[in-house]
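Here the structure is laid out as C-alpha cells; the discussion comes afterwards.
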Amino acid sequence: MHLLETVQYLAYDPGITPSGGGLPGLAVLKNVVNSINLFAIVAVVGALAVSLGVWAWGHHTGGHQAEANGKKGAVVAAGAALGLGAANGVVAFFSALGSQVH
C-alpha cells in the first residue's frame, strides 16, 4: 500500500514550481518577448493614429461607414494597448491565483 499512497500523493502534489535560471537562454527569451511587446505597442500607436484619421475624415466628408470604421478601429487599438500594457500583471495575477489551488 505504500507505493499506492506515494503515487496518490504525487498525483495531487508533483512538487513542480516555476524557477528562474533553470534553463539556459531565459534572459534571451525575456529580451525577445520584451521586444515583441514593444513592437506591438508601436504598431498599436500607428493603428490608433490611422483609425483616428479615418474617423475624422469620415466625419468631415459625411462618410458614415468610414466614420464608424474609424471609431471601431480606435476602440480596438485602445483595447489592444490596454491588453499589451496589462499582460504582465494579468499573467502574474492568474499565476498567483493558480498557485493557491490545492
Side-chain angles (χ1 to χ4, degrees):
M1 270 319 244
H2 182 65
L3 178 63
L4 180 61
E5 291 171 357
T6 304
V7 170
Q8 285 177 337
Y9 175 76
L10 287 175
Y12 293 117
D13 183 17
I16 297 171
T17 58
S19 173
L23 290 174
L26 184 60
V28 173
L29 182 61
K30 285 181 182 180
N31 199 8
V32 168
V33 171
N34 286 337
S35 298
I36 290 170
N37 196 4
L38 176 63
F39 179 79
I41 289 172
V42 170
V44 165
V45 169
L48 182 60
V50 169
S51 295
L52 293 175
V54 169
W55 184 357
W57 176 73
H59 177 75
H60 289 295
T61 61
H64 299 293
Q65 188 164 356
E67 184 178 0
N69 287 338
K71 286 178 187 179
K72 273 192 287 188
V75 170
V76 168
L82 177 68
L84 288 168
N88 197 32
V90 169
V91 170
F93 172 77
F94 283 107
S95 178
L97 193 64
S99 68
Q100 295 175 7
V101 176
H102 295 291

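Everything quoted here is computed from the prediction, not taken from an experiment. For reference, positions follow the sequence shown, starting with 1.
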Check whether any side-chain N or O of S95 sits under 3.5 Å from a backbone N or O of V91 as a donor-acceptor pair, and report yes or no. no

Considering only Ile, Leu, Val, Met, Phe, Trp and Tyr, and joining two whenever side-chain heavy atoms are under 4.5 Å apart, list the other residues clustered with W57. none

Kindly give the cluster partners of L52, where membership spreads through any ILVMFWY side chain lying under 4.5 Å from a current member. L48, W55

Test of understanding: clusters of I, L, V, M, F, W, Y form through side-chain heavy atoms closer than 4.5 Å, transitively. Do V45 and F39 belong to the same one? no

Would I36 and V32 satisfy side chain to side chain contact (heavy atoms under 4.5 Å, CB included), going step by step from the backbone distance to the final call? CA-CA 6 Å; I36 290 170; V32 168; 3.9 Å; yes

Hydrophobic cluster mates of L26, side-chain heavy atoms under 4.5 angstrom, ILVMFWY only, any path? none

Minimum heavy-atom distance between A74 and S51, given as atom pair plus value: N-CB, 3.4 Å

Heavy-atom closest contact (A77 atom, V44 atom, distance): O-CG1, 3.2 Å

Heavy atoms only: give me the nearest A66-G58 pair and the separation to one decimal. CB-CA, 4.0 Å

Check against side chain to side chain contact (heavy atoms under 4.5 Å, CB included), N37 and V33: CA-CA 6 Å; N37 196 4; V33 171; 5.6 Å; no

